[in-house]
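Just so we're clear, the structure is a prediction, and the values are computed from it rather than from any experiment.
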Amino acid sequence: MSTLVFGRGRAVAQTRSLAMSADGIAVACLALLGTALVVLTWGTWGDVGRDTGFDLVAGARVAHGQLPYADFPYYYGPIAPLLLGLAAWIGGDGLTPAIVLGLIVSALIVVLTYALARTFVGAVGAFLASAIVLGVAVSPTNLSYVLPHTEAMTLGIAALLALLLALARMPSPATSGRLVAAGAALGVVALTKPELEAAAVAAVAAWCAARRLSLRGIAAVAAPAVGIPVFVYGAFATQVSIHALVFENLYPTRVLHAGGDKILRLHAPLTIPSLVHHAEHIVLYAAGIGTMFTLAWLIDRSPRSLRFLYAVVALVAAEIALTNLEATRSALQLVYGWIPGGAAIAAILLATVFRREKGAGGALALTVALAIAGGTTYAAFYFHATHAQTAVYFAPLAAVFLAALHLRALVDSRTIALLGTCWLAFLAATGVALAVDDARAETAVVSGPGGSINVGTGDANAYRGALADIVRLTKPAEPVLIAPQLATLYTLSGRTDALPNISLLPGMLGGVPAEQQAIARLKAAHVQLIVTDQHELTEYGQGAFGSSFDTTLATWVARNFERSRTFRGQSHTLVVWRRNTP
């Protein structure tokens with residue numbers, strides 16, 4: 001078996017023309033596959049019933065001169081609303097500018113995935129890793145890359161990939177320009193999501209230790225890494241207090257205490273049973289790798305006719321998996337569920353046993369980043385679950401890790417390499433098939449002045465009815481209130497949010513005084529129409545809006561507005577309220 005170090009291709013040198021030809025073919029095929037997937041899943045990205053619209057509203061506000069943190073609460077780094085605001089300023093309000101930006105970011109992530117994978121494996125392996133990412137990038141969920149629940153996550157992943165690419169391709173000795181570029185990427189990650197920043201900092205620290213970087217080199221990385229966030233957040237600190245910036249926005253304590261921490265614990269409970277269950281995933285995948293080696297041994301020692309039979313059996317198994325996608329979806333939990341812990345084990349081995357091997361630094365940075373980022377959702381590290389998990393954002397890191405593992409680290413024969421290639425191809429094919437199949441289920445269209453989005457039939461009529469009433473009963477750009485979530489309806493209707501809080505999930509108002517202030521704002525804005533969702537927020541440990549949170553605001557709505565119409569759906573029941581008092 002070869003070492004665990006993920007080297008740069010075969011030992012036998014290839015001519016530049018052949019290498020470029022292989023990459024050219026791979027990139028062209030990737031472009032064709034990506035284009036086909038975009039066409040097949042068009043309009044299905046995002047989820048009206050979740051928080052897809054949060055960033056869309058934030059971007060629209062920035063386009064009209066408002067600032068996150070100062071003019072409205074925002075819980076992630078500022079890069080997402082600023083870029084979405086620029087897109088809206090250029091392309092106007094509505095879904096289209098956000099979709100264009102989302103497609104650009106998605107393409108950037110796929111390209112960076114290919115480039116990073118290419119530092120460890122050949123063109124075929126890099127193509128397969130990128131194809132795995134494509135399957136989740138265009139998925140019709142709240143966590144797609146095109147219309148994600150927050151663009152901060154996709155932009156952060158792009159910056160993290162750029163950082164890992166810079167580290168993996170760093171010359172020896174490291175040059176100041178390359179180190180500054182890596183530090184700049186790290187600085188950009190700091191403007192996105194905290195879990196990505198933690199992964200990036202840990203990856204850089206591990207790489208610096210592995211390369212035994214000098215203090216001067218560390219300073220070259222640290223200068224932009226620290227300077228960029230200090231400059232950006234310092235600028236916002238001139239508009240809002242440090243306490244409000246940190247504890248009401250970037251680390252919203254009231255939101256976390258009201259149920260947001262329950263969401264975090266679902267993903268990473270840090271309990272003994274959950275850790276044991278994760279360890280079981282690692283053992284099962286290790287057993288699968290052992291089975292692969294046993295199969296390779298049998299193939300190498302079998303006559304040609306029997307090898308043909310093995311190939312037929314494999315093709316039949318793949319056909320069964322692709323025709324029974326729901327069973328395959330469940331089985332894929334075992335395929336991906338082990339990765340955070342597996343990456344941690346690989347990082348430990350690279351930092352100890354193989355620390356002196358050539359290329360160990362870049363591989364160590366990758367595995368550390370994956371272990372830290374994936375560890376934040378280790379209990380639900382699934383890419384194609386029935387209910388989308390945040391692990392999908394870490395698919396680029398996981399795909400490169402899988403490619404390097406199966407096509408380099410574990411390869412000791414051509415047969416093993418072939419089986420690894422077939423395995424990655426199977427994962428890519430099933431991911432693409434699941435994305436297309438799920439997109440076909442989004443058969444109902446919800447349309448408004450701001451654009452259209454496809455949804456499942458269960459809640460389509462509820463969304464359509466509420467959206468039609470908003471458009472019919474209010475004027476363009478007239479302030480309305482949609483609570484507690486469903487911010488996408490603001491974008492689709494072309495109406496503005498009457499409150500600074502884009503969403504009214506538990507804790508976002510944070511008590512009776514804040515609710516009374518919200519009521520005063522609604523009165524001052526002469527809001528005539530309010531839409532409330534009766535969906536219970538069990539994942540937060542809360543009931544529906546007005547039952548266990550925001551009760552003062554809900555009581556005022558019931559007293560001063562009349563229930564106009566009720567639109568019932570499978571998961572969401574929307575109530576339209578019209579003002580009945582002066």
Side-chain angles (χ1 to χ4, degrees), residues 47-58 60-61 66 68-69 71-76 81 142 149-150 244 247-249 252-263 462-463 466-467 470 474 478-493 495-525 527-561 563 571-577 579:
D47 187 346
V48 176
R50 302 293 296 278
D51 49 3
T52 293
F54 190 95
D55 268 11
L56 302 182
V57 175
R61 289 185 173 188
Q66 295 187 31
Y69 317 133
D71 296 313
F72 60 92
Y74 191 77
Y75 305 116
Y76 313 120
N142 189 45
H149 86 288
T150 173
F247 295 107
E248 295 178 14
N249 289 277
T253 53
R254 291 181 304 192
V255 175
L256 292 172
H257 292 158
D261 58 341
K262 296 183 184 297
I263 301 293
Y463 300 145
L467 180 60
I470 294 171
T474 61
E478 180 178 337
V480 298
L481 176 64
I482 303 170
Q485 211 167 7
L486 306 180
T488 309
L489 295 182
Y490 289 121
T491 302
L492 294 178
S493 65
R495 273 50 175 178
T496 59
D497 188 353
L499 297 178
N501 305 77
I502 298 173
S503 173
L504 296 183
L505 288 171
M508 291 187 174
L509 285 180
V512 173
E515 292 181 60
Q516 291 174 338
Q517 186 178 27
I519 291 170
R521 289 179 179 273
L522 294 172
K523 289 180 178 178
V527 171
Q528 301 297 311
L529 187 140
I530 292 175
V531 177
T532 60
D533 184 6
Q534 295 183 347
H535 177 73
E536 293 191 355
L537 301 173
T538 54
E539 64 271 29
Y540 288 86
Q542 301 276 3
F545 172 78
S547 62
S548 61
F549 67 98
D550 293 349
T551 54
T552 300
L553 175 58
T555 299
W556 176 81
V557 172
R559 289 176 178 173
N560 295 274
F561 288 71
R563 187 186 292 251
S571 302
H572 298 267
T573 296
L574 308 187
V575 179
V576 177
W577 302 83
R579 190 70 178 260

*Once you round to the nearest 0.5 Å, how far does CG of D550 lie from OG1 of T555?*
10.5 Å
_Could you report the tightest heavy-atom contact between V527 and A498, atom names first, then the distance?_
CG2-CB, 3.5 Å
N/O donor-acceptor pairs under 3.5 Å from side chains in residues 537-544, not counting sequence neighbours:
residue: Q542; atom: OE1; partner: S548; partner atom: OG; Å: 2.7
residue: Q542; atom: NE2; partner: A258; partner atom: O; Å: 2.9

*So, the side chain of T52 versus the backbone of D47: is there a donor-acceptor pair under 3.5 Å, distance only?*
yes
*Should L489 and V480 be marked as a side chain to side chain contact (heavy atoms under 4.5 Å, CB included) after you check the CA-CA gap, both sets of side-chain angles, and the distance that decides it?*
CA-CA 10 Å; L489 295 182; V480 298; over 6 Å; no
Distance-only criterion, 3.5 Å: show the donor-acceptor pairs between side-chain atoms of residues 508-516 and protein atoms not counting sequence neighbours.
residue: E515; atom: OE1; partner: T551; partner atom: N; Å: 3.4
residue: E515; atom: OE1; partner: T552; partner atom: N; Å: 2.9
residue: E515; atom: OE1; partner: L553; partner atom: N; Å: 2.9

*Looking at residues at least two apart in the chain, or sitting in another chain, which of them share a side chain to side chain contact (heavy atoms under 4.5 Å, CB included) with N249?*
Y69, P73
*asked:* P252: which residues meet the side chain to side chain contact (heavy atoms under 4.5 Å, CB included) condition with it, sequence neighbours left out?
replied: Y75, V255
*Looking at side-chain heavy atoms only, is the closest gap between F545 and Q534 below 4.5 Å?*
no
*Mind checking the CD1-OH spacing from I482 to Y490? Nearest 0.5 Å is all I need.*
4.5 Å
_According to salt bridge (charged side-chain N to carboxylate O under 4.0 Å, His left out), who are the partners of R61, at least two apart in sequence or on a separate chain?_
D497
*Can you tell if the side chain of L486 reaches within under 4.5 Å of the side chain of L574, non-hydrogen atoms only?*
yes
_Over all atoms of both residues, closest heavy-atom pair of A554 and G546_ = CB-CA, 3.4 Å
*Would you confirm whether H149, through its side chain, and N142, through its main-chain N or O, come within 3.5 Å as a donor-acceptor pair?*
no
*Specify the closest pair of heavy atoms between V576 and A466, including all atoms of both residues, with the distance to one decimal.*
CG2-CA, 4.3 Å
*Heavy-atom donor-acceptor pair, S503 side chain to P484 backbone, under 3.5 Å*: yes
*For A483 and L504, which heavy atoms make the closest approach, and how far apart are they?*
CB-CD1, 3.8 Å
*Partners of D533 by side chain to side chain donor-acceptor pair (under 3.5 Å), sequence neighbours excluded?*
H572
*Of all the heavy-atom pairs spanning Y74 and A58, show the shortest one and how long it is.*
CE1-CB, 4.0 Å
*Any side-chain heavy-atom pair of P500 and Q66 under 4.5 Å*: no
*Are L505 and Q485 side-chain neighbours, meaning at least one heavy-atom pair lies under 4.5 Å?*
yes
_Counting neighbours of CZ on R50 that are heavy atoms of other residues, nucleotides or ligands and sit closer than 6.0 Å, is the number greater than 12?_
no
